Amino acid sequence: MASNVNPTVRRRRLGQELRRLRELKGMTAEEVAERLLVSQSKISRLENGRRSISQRDVRDLCGVYDVEDQRVVESLMQMAKDSRQQGWWHSFGDIPYSVYIGLETDAASLRVYDPQVVPGLLQTRNYAEALIRGALPETPAADVDKRVQVRMRRQDRVYASETPLRLWTVMDEAALRRVVGGPGLMRDQLDHLVEQSQLPHVTVQVIPFEMGAHPGINGQYAILEFPDASDSSVVYIEGVTSDLYLEKSGDVQKYSVMYEHLRAQALNVEQSRDFISKIAKDYAR
């Protein structure tokens with residue numbers, strides 16, 4: 001595929017445009033579904049970008065919405081064609097969180113809160129392997145290796161020479177204290193974390209245990225923002241069997257405000273770096 005075509009983002013943009021056309025027509029998703037003899041859930045999935053859309057689907061929807069400008073129809077059909085191409089992650093087979101990878105690949109900035117482990121984009125290979133093996137004990141070795149490779153490939157966004165991902169992560173002290181793979185491995189991971197925190201586009205903060213209850217106590221989440229203003233921000237919440245993607249402005253705003261509280265309650269950048277370094281030395285004993 002062309003390097004500048006991200007199928008996940010194409011589906012989102014196409015879905016947003018189809019929703020706009022439906023709303024201009026004054027129709028509900030249920031009414032459209034009845035006209036096309038399909039389920040309402042299909043229309044919703046097409047509009048939120050969670051489902052691949054065919055050129056035939058686009059043609060049929062444009063017919064329902066009375067889109068007369070053939071250039072608009074052709075443009076939308078081209079987007080549908082692009083959205084069915086494969087991203088780099090598809091070469092690894094079935095990846096459960098492939099939608100998220102597509103979003104992360106195109107994001108301009110990412111804010112992450114993780115209460116349990118070091119965020120994936122800042123993990124060493126050995127830490128990632130030990131973490132995946134521990135979290136998914138029944139997973140075959142080949143699948144564990146595939147997941148590790150994907151995680152390492154995702155980190156290319158952090159090291160990109162041009163327009164690297166702006167990464168801001170807030171971690172709970174538990175993520176630093178949880179011994180994944182043994183003390184030596186943890187020492188290497190925390191040293192790596194300190195090193196990465198010195199990159200100009202990477203910010204790392206830690207919330208120590210002594211801070212007590214805080215707004216992130218309910219669990220991990222990430223906020224993705226994109227370079228194109230037409231692409232709405234997304235809150236991503238990882239689940240065991242399914243993931244949650246929130247795109248409504250009200251939802252994104254609530255999580256953004258919560259993240260600002262986390263930043264304020266966490267140690268500042270220098271304090272966090274010293275805190276991590278101190279824990280890393282403890283693992284060397």
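Atoms considered below: every heavy atom in the structure, side chains included; atoms not considered: hydrogens, waters and symmetry mates. This is a predicted model, so every value here is computed, not measured.
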Give a yes-or-no answer on whether the side chains of R178 and Q116 include a donor-acceptor pair shorter than 3.5 Å. yes
Should T139 and I132 be marked as a side-chain contact (heavy atoms from CB on, under 4.5 Å) after you check the CA-CA gap, both sets of side-chain angles, and the distance that decides it? CA-CA 9 Å; T139 302; I132 294 169; 5.7 Å; no
With no hydrogens and no angle check, is any side-chain donor or acceptor of S75 less than 3.5 Å from a backbone partner on R71? no
Closest non-hydrogen atom pair between A130 and G181, with its separation: CB-CA, 3.9 Å
What is the minimum heavy-atom distance between R133 and V144, and which atoms define it? CG-CG1, 3.8 Å
Does F209 offer a backbone N or O that forms a donor-acceptor pair with the side chain of E173 under 3.5 Å? yes
Could I get the full list of side chain to side chain donor-acceptor pair (under 3.5 Å) partners for Q196, not counting sequence neighbours? Y159
Under 3.5 Å donor-acceptor, Q155 side chain and G120 backbone: yes
Rounded to the nearest 0.5 Å, what separation is found between the CZ atom of R56 and the CZ atom of R59? 6.0 Å
CD-CD1 distance between E31 and I43, expressed to the nearest 0.5 angstrom: 12.0 Å
Same cluster or not: are L21 and V58 linked, directly or through other Ile, Leu, Val, Met, Phe, Trp or Tyr residues, by side-chain heavy atoms under 4.5 angstrom apart? yes
Quick one, V257 with Q253, criterion side-chain contact (heavy atoms from CB on, under 4.5 Å). Give me CA distance, side-chain angles, the key distance, then yes/no. CA-CA 6 Å; V257 169; Q253 177 66 13; 3.5 Å; yes
Those residues that, when tested against E104, pass side chain to side chain donor-acceptor pair (under 3.5 Å) (two or more places apart): Y100, R154
Given side-chain contact (heavy atoms from CB on, under 4.5 Å), test D282 with R177 step by step and report yes or no. CA-CA 10 Å; D282 291 340; R177 298 289 185 184; 3.8 Å; yes
Given the rule that I, L, V, M, F, W and Y join up when any side-chain heavy atoms are under 4.5 Å apart, are V112 and V269 in one cluster? no
Is the shortest side-chain heavy-atom distance between L193 and M171 below 4.5 Å? yes
Between D191 and R187, is there a side-chain N and carboxylate O pair less than 4.0 Å apart? yes
Could you check whether E23 pairs with R20 (Lys NZ or Arg NE/NH1/NH2 to Asp/Glu carboxylate O, under 4.0 Å)? no
Are any side-chain N or O atoms of Q205 and backbone N or O atoms of S272, one a donor and one an acceptor, separated by less than 3.5 Å? no
4.5 Å side-chain heavy-atom contact, V202 and T169: no
L136 and Y127: same hydrophobic cluster, using ILVMFWY side-chain contacts below 4.5 Å? no
D156 meets the side chain to side chain donor-acceptor pair (under 3.5 Å) criterion, sequence neighbours left out, with R153
Just checking Q70: does its CD atom have more than 12 heavy atoms from other residues, nucleotides or ligands closer to it than 6.0 angstrom? yes
Please tell me if the side chains of L121 and L110 come closer than 4.5 Å, counting only heavy atoms from C-beta onward. yes
Counting only heavy atoms from other residues, nucleotides and ligands, does the tally under 6.0 Å from NZ of K146 exceed 12? yes
Kindly say whether M27 contributes a backbone atom to a donor-acceptor pair with the side chain of R22 at under 3.5 angstrom? yes
For a quick test of reading the model, state the closest non-hydrogen atom pair linking V158 to H201 and the distance between them. O-NE2, 2.7 Å
Interatomic spacing from CG in N48 to CZ in R11 - rounded to 0.5 Å: 10.0 Å
Rounding to 0.5 Å, atoms CD1 (I223) and CE (M258) come to a distance of 7.5 Å
Among side-chain atoms of R273 and S277, is any donor-acceptor pair under 3.5 angstrom? no
Give the minimum heavy-atom separation between R263 and V170, together with the two atoms involved. CG-CG2, 4.4 Å
Does the Q189 side chain pair with the main chain of T124, one donor and one acceptor, at a distance under 3.5 Å? yes
Has R157 got more than 12 heavy atoms of other residues, nucleotides or ligands less than 6.0 Å from its CZ? yes
Grouping I, L, V, M, F, W and Y whenever their side-chain heavy atoms are under 4.5 Å apart, do L76 and L24 come out in a common cluster? no
Are any non-hydrogen side-chain atoms of I53 and M79 less than 4.5 angstrom apart? no
Looking at Y97, Y236, Y255, which hits ring-ring contact (aromatic ring centres under 6.0 Å, His included) with Y245? Y236
Within one Ile-Leu-Val-Met-Phe-Trp-Tyr cluster: V206 and V194, side-chain cutoff 4.5 Å: yes
Measure the CD-CG distance between E210 and L267 for me, rounded to the nearest 0.5 Å. 7.5 Å
Which heavy atom in M152 sits nearest to a heavy atom in A128, and how many Å separate them? CE-CB, 4.1 Å
Where do P115 and A174 come nearest, in terms of heavy atoms and distance? O-CB, 3.5 Å
Hey, could you give me the CD/SG distance between E68 and C62, rounded to the nearest 0.5 Å? 11.5 Å
Contact between R111 and E260 at the side-chain level, heavy atoms closer than 4.5 Å - yes or no? yes
Charged N to carboxylate O below 4.0 Å: is that the case for E17 and R13? no
Check V148, L185, L131 against N126 for a side chain to side chain contact (heavy atoms under 4.5 Å, CB included) and give me the one that passes. L185
Would you call the rings of Y113 and Y221 parallel, tilted or perpendicular, where under 30° means parallel and over 60° means perpendicular? tilted
Chi angles and distances behind the side-chain contact (heavy atoms from CB on, under 4.5 Å) call for L167, L122: CA-CA 10 Å; L167 175 62; L122 298 175; 3.9 Å; yes
Student check: side-chain heavy atoms of K81 and Q55 closer than 4.5 Å: yes
